[in-house]
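For reference, the structure discussed in these notes is given below.
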Amino acid sequence: MRDDFLSGLNPEQLAAVTLPHESALILAGAGSGKTRVLTTRIAWLVDSGLASPFGLMAVTFTNKAAREMLTRLTAMLPINTRGMWVGTFHGLCNRLLRAHHRECGLPAAFQILDMQDQLALIKRVMRALNVDEERTPPRQVQQFINSQKESGIRASACESYDPQTRRYIDVYGEYEQQCQREGVVDFAELLLRAYELLSRNAMLREHYQQRFRHILVDEFQDTNRLQYQWLKLLGGPDTAMFVVGDDDQSIYAFRGANVGNMRDFEREFRIGKVIRLEQNYRSFGNILDAANALIENNEGRLGKQLWTAAGPGEPVRVFEALTDQDEAHFIVEEVRQLHREGTALADMAVLYRSNAQSRLLEHQLFAAGVPYRVYGGLRFFERQEIKHALAYLRLTANRDDDGAWLRVVNFPARGIGARTLEAVQVAAREGGLSLWASCCSRPPGGAAANKLAVFVRLIDELSAEIAELPLPEKIDALLDRSGLRDYYRAEKDGEERLENLEELVNAAQNFQYEVEGGTVEDFLAHASLESGELQAEVAQDALQLMTVHSAKGLEFDAVWVCGLEEGLFPHENSLSAHDGIGEERRLMYVAITRARKRLYLTLATQRQLYGQTRYNLASRFLREIPEPLTQWLNRRPPSSANHGGYAAPRVQTGAAVYAGTQDLQGFRIGQSVKHGRFGQGVIVAAEGSGDDARVQVNFPEAGVKWLLLSYARLEAC
DNA sequence: GTGTTGTACATAGGC
DNA sequence: TGTACAACAC
């Protein structure tokens with residue numbers, strides 16, 4: 001039995017899986033069988049009686065990873081994995097808070113705000129405080145609040161040395177109180193509350209410390225400070241921490257991830273020997289060598305070198321296109337060719353740094369009739385119709401949820417306008433009440449009072465009617481009673497939304513199958529935490545389009561990494577960030593290591609971005625890949641004139657310069673020129689053609705000037 | 001209350 | 001260039 005799942009492991013994997021009861025750090029490279037090691041470790045612990053299924057906890061970052069772990073465990077062990085503490089940080093904290101809601105001062109039916117909900121609440125608070133949204137953008141306040149919480153700092157403990165920070169803190173404080181009044185928590189709050197609960201309650205802490213003799217953590221490089229502190233609280237003197245991560249794949253510093261946690265862990269848990277999983281089972285040698293060479297350029301790595309028993313395979317193909325159009329065209333043609341040769345579309349992926357790049361690709365794929373699927377974008381539970389339906393459900397569970405109240409009080413329209421809402425909000429603020437409580441105890445006068453009363457009655461009756469129904473029927477009834485179904489039925493483009501609402505009933509049905517005794521609160525928490533792709537995988541074979549970020553953890557036979565230009569990848573915004581280039585390089589490392597057999601790197605020297613043409617230099621990352629590993633498909637950009645009637649490019653001042661090939665009477669962008677009066681300068685932009693051709697020149701002494709080529713006598717120099 | 005126009009904005013995105 | 005959201009008129 002045991003040999004079953006231990007066979008086939010390499011020596012390092014085997015050593016990791018069968019480690020004795022002690023804390024360990026596993027440095028697991030891309031494609032090194034990390035998930036397998038993690039799940040096999042759990043199976044081995046349980047199978048050999050070293051741990052009970054309920055005496056261990058496993059933490060992942062995504063629900064998908066948690067699900068996969070549970071699925072594999074179910075296949076390996078003859079046990080019911082239900083009830084095991086396997087999940088995401090947020091999911092497990094939610095579980096902890098539900099179980100001890102009284103100890104941490106939350107109502108039993110507390111609701112979870114997603115990012116949208118949180119932003120909406122922040123805006124409401126800011127309006128109540130009369131904070132100017134121009135000078136203090138709500139998004140920045142949101143970031144401020146979340147990063148404070150991730151550092152474990154409450155509003156009362158914040159320090160400010162300037163008026164702007166003072167304003168942030170004021171909003172933070174009021175926001176905290178408002179959340180408390182409404183009985184809602186945001187994502188960061190789930191973690192912070194769980195942390196505070198354990199740090200303040202010694203009995204509870206010791207209970208869990210004794211219970212979890214093994215804690216296993218996946219993707220440790222992505223943990224933030226608070227998550228690491230929380231793990232340390234849960235781990236008692238007898239807990240073995242089994243931590244798996246890859247510092248080279250840390251790509252979420254921008255949202256608080258702290259790679260430093262790996263080094264801290266190594267030190268604080270006195271890890272004697274780090275186990276390195278360096279054998280790669282995914283890619284051919286050239287691809288791995290390219291990745292290794294690239295990442296060598298980063299500083300402060302823990303150090304690791306991927307290798308494979310497979311041969312070198314094909315060279316890394318590099319294609320330099322003239323324009324982004326040509327780049328997309330090239331990719332589409334190569335995809336079709338590979339497809340003809342027998343590679344399934346689903347085994348190919350085009351990766352890009354930013355979402356804006358997908359549009360052009362989609363356009364050309366559509367024109368060529370190649371099926372494709374774009375990842376990212378609106379998730380199921382983030383759709384407005386779903387949010388509306390869930391808001392009704394939230395109100396039946398918790399009347400004080402102002403966000404839900406505001407969302408549906410006048411949707412579908414009930415003649416309750418902005419004036420009335422303003423009055424209710426003012427009254428609620430004065431009385432320190434929720435909107436619901438306020439309009440029940442001190443309703444505004446006038447005709448609106450009636451309409452509000454109708455809404456109150458609707459929610460009360462709805463709650464009573466569905467109280468005894470099973471969850472899916474609750475939602476089904478609510479869709480009718482609220483008028484949502486009728487509304488979208490009448491709407492001319494409402495069909496898809498109507499289908500989504502039916503899908504919500506299905507989702508509730510499935511939820512009931514999966515979670516025995518799942519309550520409305522459980523389902524709502526599930527909806528907040530699992531905003532993900534709920535729709536069944538589309539059966540059609542389709543090319544995969546996604547950002548490099550969302551490709552993490554995936555693999556494909558053939559991968560195109562496109563837009564390899566300075567400013568785009570590495571992204572210009574990363575230049576100013578601390579270790580920004582380092583993180584971009586890790587991102588590139590992740591991109592490269594997605595490919596099994598064939599890797600393409602493409603770039604365009606001229607690209608439309610936000611309606612303007614930009615001229616970019618080739619990405620530095622291309623230079624960091626050794627020549628012998630690559631094959632340049634077109635060393636020189638094609639000088640062909642097959643762009644008949646092209647629009648003359650317009651360039652923004654300050655855009656990266658590139659020697660374009662367009663006819664400017666012998667001049668080109670980026671060229672140094674001399675002018676009779678203005679002296680020496682550099683051409684930074686061009687416009688028009690023929691006699692109307694103008695160039696923009698940056699003269700260090702005279703500034704930036706537009707000059708008509710036919711008049712200004714420019715000299716090349 | 002709904003449809004229309006106008007303006008600001010545009011890295012990455014898990015829970 | 002395209003979208004999202006707010007302010008505006010009907």
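These values consider heavy atoms only, across backbone and side chains, with no hydrogens, waters or symmetry-generated copies. Throughout, protein chains are lettered first and strands after them, A, B, ... in sequence-line order, and every chain is numbered starting at 1.
Taking the centre and axis of the six-membered ring of A:F455, the NZ or CZ atom of A:K451 falls outside the cone set by 45° and 6.0 Å. Relative to the ring axis of A:Y392, A:R407 does not place its NZ or CZ within 45° and under 6.0 Å from the centre. In this structure, A:R373 is positioned above the aromatic face of A:Y375, its NZ or CZ under 6.0 Å from the six-membered ring centre and within 45° of the axis.
Among the nucleotides B:dG14, C:dA6, C:dT1, the one closest to the side chain of A:K123 is C:dA6. The nucleotide whose nearest atom lies closest to any side-chain atom of A:R379 is, among B:dA12, B:dT11, B:dG14, B:dG14. Closest approach to the A:R353 side chain among B:dG13, C:dT3, B:dT11 is made by B:dT11 (side chain taken as heavy atoms from C-beta onward). The side chain of A:A413 sits closest to B:dG1 out of B:dG1, B:dT11, B:dG13. Closest to the A:R255 side chain, of the nucleotides B:dT11, B:dG14, C:dT3, is B:dG14.
In this structure, A:L360 atom CG and B:dA10 atom P are separated by 22 Å, rounded to whole Å. Summarising the geometry, the separation between CD on A:Q118 and P on B:dG13 is reported as 19 Å, rounded to the nearest angstrom. Between the CD1 atom of A:I251 and the C1' atom of B:dG13 there is a distance of 10 Å, given to the nearest Å. Computed from coordinates, the A:L119 CG to B:dG13 C1' distance equals 15 Å when rounded to whole Å. Going from atom CZ of A:R95 over to atom C1' of B:dC15 covers 16 Å, rounded to whole Å. Straight-line distance from the NE2 atom of A:H363 to the P atom of C:dT1: 14 Å, rounded to whole Å. The separation between A:R127 atom CZ and C:dC5 atom C1' is 12 Å, rounded to whole Å. Between the OH atom of A:Y352 and the P atom of B:dT11 there is a distance of 15 Å, given to the nearest Å.
Stacking between A:H90 and the base of B:dC15 is absent under the criterion of ring centres within 5.5 Å and planes under 30 degrees. Residue A:Y252 and nucleotide B:dG13 are not classified as a stacked aromatic pair, given the requirement of ring centres less than 5.5 Å apart at an interplanar angle below 30°.
Contact check, A:S550 against B:dG14: no side-chain N or O comes under 4.0 Å of OP1 or OP2. At the phosphate of B:dC15, neither OP1 nor OP2 sits under 4.0 Å from any side-chain N or O atom of A:N224. A sub-4.0 Å separation between OP1 or OP2 of B:dA12 and a side-chain N or O of A:N355 is present. Under 4.0 angstrom from either OP1 or OP2 of B:dT2 there lies no side-chain N or O belonging to A:Y487.
The residue A:G417 sits apart from the nucleic acid: no heavy atom pair falls under 4.0 Å. Counting any heavy atom pair closer than 4.0 Å across all strands shown, A:D222 reaches no nucleic acid atom. Among the atoms of the strands shown, base atoms are found under 4.0 Å from some heavy atom of A:F254. Within 4.0 Å (heavy atoms only), A:D114 reaches no atom of the nucleic acid at all.
Heavy atoms of other residues, nucleotides or ligands lying less than 6.0 angstrom from CD of A:Q143 number 12 at most.
With ring centers used as reference points, A:H388 lies 6.0 Å or more from A:Y488.
Mapped onto DNA chain B by nearest heavy atom, A:E583 and A:G415 fall at different nucleotides, with A:G415 at the one closer to the 5' end. For A:N63 and A:A577, each mapped to the nucleotide of DNA chain B holding its nearest heavy atom, the one lying further toward the 5' end belongs to A:A577.
For the C1' atoms, the distance linking B:dT11 with C:dA6 amounts to 25 Å, nearest Å. On the P atoms, C:dA4 is 16 Å away from B:dG13, given to the nearest whole Å.
The aromatic rings of A:Y172 and A:F144 sit perpendicular, their planes meeting at an angle over 60°, well past the 30° parallel limit. Taking the six-membered ring where tryptophan is involved, the planes of A:Y208 and A:F212 are essentially parallel, since the angle between them stays under 30° and well short of 60°.
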